[in-house]
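Here's the structure, in structure tokens; my notes come after.
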Amino acid sequence: MSRFTTLYSGSSGNAGVAEHEGRFLLIDMGGSCKMTVAGLQELGLSPQNLGGILVTHEHSDHIKGLNVFLKRFPVPVYGSVATLEALWQMEAVPETTELIGVDEREEDVEGFVVKGFATSHDSAGCCGFRITMPNGKVMAIATDLGEMNNTVFSNLHGAQLVALEANYDPEMLLRGPYPYYLKKRIDSPRGHLSNQDSAATVAALLAAGTQNIALCHLSKENNHPNYVHDAISHALLAAGIQQPQDTTIQISRRYEVSPWMEF
């Protein structure tokens, strides 16, 4: 059985876990090492069973705890070559860390087959990941992207589980406290995914057979879970789709471990 969850997820920090029979991968580490280890302990997972860490990009809400964690638990780090170069330049990883690029290619990580794919975000080389689990099940994750394009959707398509960004409600962003330049950044093609764009993708994925959706990286200031649910309901209604009974749509918790999603 394969499972996915988040240790924490939002604009303040992100970390996901892809697990199969005790072995697991971490996806980002934007909280402290202490917070991350505590989350793993809550799940009954030991860092000694960690195969590697996948890093989507070098922004602090995805790498904050990385350096300290890797000093305690050295494992390989995977990501786009541009992201890995940025991590090295920023001294965000110990000098002895093994850095392995996975740009549009597959890499076997202790039985998990990982492939990176580019996402549109204002970083050195942001990417999502498509992961084939040891039992052949597939999950995909894309949590920082300003637009949904064919490259991203093709890598999400066919996965049994998809972790997808639903970052902001456009009206909340417009009326919120952020300065104008930051609002424009978030709402740009290299910013973040709105609830409506995320919901439209969810509808397309459900129609294609995806059974598990984890909605991640909600903004604390510019979103609310109720708005995400409303956007999905409207997208399904507009597409003439009823949510199949065997599907699960879960909004990841900001500061806490979310329930496991089995696939």
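This chain uses plain numbering: 1 for the first residue, then up along the sequence. No hydrogens, no waters, no symmetry mates; every other heavy atom, side chains included, goes into these values. In this text, all values refer to a predicted model and were calculated from it rather than measured experimentally.
- The minimum heavy-atom distance between I241 and A207, with the atom names listed, is CD1-CB, 3.8 Å.
- The residue from R185, K184, R190 that alone fulfils the salt bridge (charged side-chain N to carboxylate O under 4.0 Å, His left out) condition with D122 is R185.
- The ring pair (Phe, Tyr, Trp, His ring centres under 6.0 Å) pairs that include a residue from residues 90-139 are H57-H121, H59-H121, H121-H192, where partners are two or more places apart or lie in different chains.
- Using a 4.5 Å cut-off between side-chain heavy atoms of Ile, Leu, Val, Met, Phe, Trp and Tyr, with links allowed through other members, I63 and L70 fall into the same hydrophobic cluster.
- The shortest side-chain heavy-atom distance between S252 and L215 does not fall under the 4.5 Å cut-off.
- The side-chain hydrogen bond (donor to acceptor under 3.5 Å, both in side chains) analysis of residues 234-246, with sequence neighbours excluded, yields the pairs Q211-D246, Q243-T247.
- Inter-residue side-chain proximity for L84 and V77 is flagged as met; some heavy-atom pair is nearer than 4.5 Å.
- At a threshold of 4.5 Å between non-hydrogen side-chain atoms, the residues Q250 and M261 count as touching.
- Within the structure, ring pair (Phe, Tyr, Trp, His ring centres under 6.0 Å) contacts touching residues 235-263 (residues at least two apart or in different chains) do not occur.
- Put simply, L205 and V228 are part of the same group of oily side chains (I, L, V, M, F, W, Y) that touch within less than 4.5 Å, one to the next.
- V109 and V113 fall into different hydrophobic clusters, where Ile, Leu, Val, Met, Phe, Trp and Tyr side chains are chained together by heavy-atom contacts under 4.5 Å.
- Within the 4.5 Å cutoff, side-chain heavy atoms of T36 are placed close to those of L7.
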Apply the test side-chain contact (heavy atoms from CB on, under 4.5 Å) to residues S2 and M139: give CA-CA distance (whole Å), side-chain angles for both, the deciding distance (0.1 Å), then the verdict. CA-CA 9 Å; S2 294; M139 69 158 287; over 6 Å; no
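- Side-chain contact between L87 and L66: present, with at least one pair of heavy atoms (C-beta onward) separated by less than 4.5 Å.
- When hydrophobic clusters are built by joining Ile, Leu, Val, Met, Phe, Trp and Tyr residues whose side-chain heavy atoms come closer than 4.5 Å, directly or via intermediates, Y181 is grouped together with I186.
- Summarising the geometry of P170 relative to Q196, their closest heavy-atom pair is CD-OE1, 3.1 Å, with the distance given to 0.1 Å.
- Counting all heavy atoms, side chain and backbone alike, G125 lies closest to T83 at O-OG1, 3.0 Å.
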Contacts under 3.5 angstrom, residues 152-162 side chains, donor-acceptor by atom type, not counting sequence neighbours:
{"unit_1": "S154", "atom_1": "OG", "unit_2": "N150", "atom_2": "O", "d": "3.1"}
{"unit_1": "S154", "atom_1": "OG", "unit_2": "T151", "atom_2": "O", "d": "2.8"}
{"unit_1": "N155", "atom_1": "OD1", "unit_2": "K115", "atom_2": "NZ", "d": "2.9"}
{"unit_1": "N155", "atom_1": "ND2", "unit_2": "T151", "atom_2": "O", "d": "2.8"}
{"unit_1": "Q160", "atom_1": "OE1", "unit_2": "V138", "atom_2": "N", "d": "2.7"}

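- With hydrogens and angles ignored, the 3.5 Å screen pairs no side-chain donor or acceptor of N223 with any backbone N or O of S219.
- With sequence neighbours excluded, no residue satisfies ring pair (Phe, Tyr, Trp, His ring centres under 6.0 Å) with H229.
- Residue pairs meeting the ring pair (Phe, Tyr, Trp, His ring centres under 6.0 Å) criterion with at least one partner in residues 9-34, sequence neighbours excluded, are absent.
- In this structure, OG on S11 lies 8.0 Å from NZ on K220, to the nearest 0.5 angstrom.
- Between the side chains of T5 and S258, not a single donor N or O lies within less than 3.5 Å of an accepting N or O.
- Taking CE from M172 and CG from L174, the interatomic distance works out to 11.5 Å, rounded to the nearest 0.5 Å.
- For the atom pair I141 CD1 and I131 CD1, the distance stands at 7.0 Å (nearest 0.5 Å).
- Remark: side-chain polar atoms of S9 are paired, donor with acceptor, to backbone N or O of H217 under 3.5 angstrom.
- Here I232 contributes atom CD1 and L237 contributes atom CG; the two are 13.5 Å apart, rounded to the nearest 0.5 Å.
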List the atom pairs, with distances to 0.1 Å, where a side-chain N or O of residues 37-55 and a protein N or O form a donor-acceptor pair under 3.5 Å, not counting sequence neighbours.
{"unit_1": "S46", "atom_1": "OG", "unit_2": "Q48", "atom_2": "N", "d": "3.1"}
{"unit_1": "S46", "atom_1": "OG", "unit_2": "Q48", "atom_2": "OE1", "d": "2.5"}

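- The OG1 atom of T96 sits 10.5 Å away from atom CD of E98, with the distance rounded to the nearest 0.5 Å.
- Nearest heavy-atom pair across G101 and V81 is CA-CG2, 4.2 Å.
- Counting only residues at least two apart or in different chains, ring pair (Phe, Tyr, Trp, His ring centres under 6.0 Å) contacts with residues 32-54 are absent.
- Applying the salt bridge (charged side-chain N to carboxylate O under 4.0 Å, His left out) rule to pairs touching residues 68-94 yields nothing, sequence neighbours excluded.
- Placement of W88 and M90 within a single hydrophobic cluster is found when ILVMFWY residues are connected by side-chain heavy-atom separations under 4.5 Å, directly or transitively.
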Just do the side-chain contact (heavy atoms from CB on, under 4.5 Å) check on E262 and F4 with the steps written out, would you? CA-CA 7 Å; E262 300 176 358; F4 171 81; over 6 Å; no
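- Counting heavy atoms from C-beta on, the side chains of N135 and M1 never come closer than 4.5 Å.
- In this model, no donor atom of one side chain and acceptor atom of the other lie less than 3.5 Å apart for S198 and T201.
- Between the side chain of T119 and the main chain of D144, a donor-acceptor pair closer than 3.5 Å is present.
- The minimum heavy-atom distance linking E104 with A118 is given by the pair OE2-N, 3.6 Å.
- E165 contributes a side-chain N or O that, together with a main-chain N or O of L193, makes up a donor-acceptor pair within less than 3.5 Å.
- The closest donor-acceptor contact from the side chain of T248 to the backbone of N212 lies at 3.5 Å or more, if one exists at all.
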Under the side-chain contact (heavy atoms from CB on, under 4.5 Å) rule, what do T6 and N14 come out as? Steps first, then yes or no, please. CA-CA 8 Å; T6 54; N14 300 272; over 6 Å; no
What pairs of donor and acceptor atoms, side-chain ones from residues 26-33 against any protein atom, are under 3.5 angstrom apart with sequence neighbours left out?
{"unit_1": "D28", "atom_1": "OD1", "unit_2": "T56", "atom_2": "N", "d": "2.8"}
{"unit_1": "D28", "atom_1": "OD1", "unit_2": "T56", "atom_2": "OG1", "d": "3.3"}
{"unit_1": "D28", "atom_1": "OD2", "unit_2": "T56", "atom_2": "OG1", "d": "2.8"}
{"unit_1": "D28", "atom_1": "OD2", "unit_2": "H62", "atom_2": "ND1", "d": "2.7"}
{"unit_1": "S32", "atom_1": "OG", "unit_2": "M35", "atom_2": "N", "d": "3.0"}

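- With respect to R105 and E107, a salt bridge is recorded, a charged nitrogen being found less than 4.0 Å from a carboxylate O.
- For the pair N167 and S194, the minimum side-chain heavy-atom distance is 4.5 Å or more.
- Between P225 and L218, the closest side-chain pair of non-hydrogen atoms falls below 4.5 Å.
- The two residues E58 and A124 have their closest heavy-atom pair at OE2-N, 3.0 Å.
- Partners of E19 according to the salt bridge (Lys or Arg N to Asp or Glu O under 4.0 Å) rule, which considers only residues two or more places apart in sequence or in another chain, are R3.
- Sorted by first and then second residue, the pairs that involve residues 168-179 and meet side-chain hydrogen bond (donor to acceptor under 3.5 Å, both in side chains), not counting sequence neighbours, are Y168-D187, E171-R175, Y178-E221.
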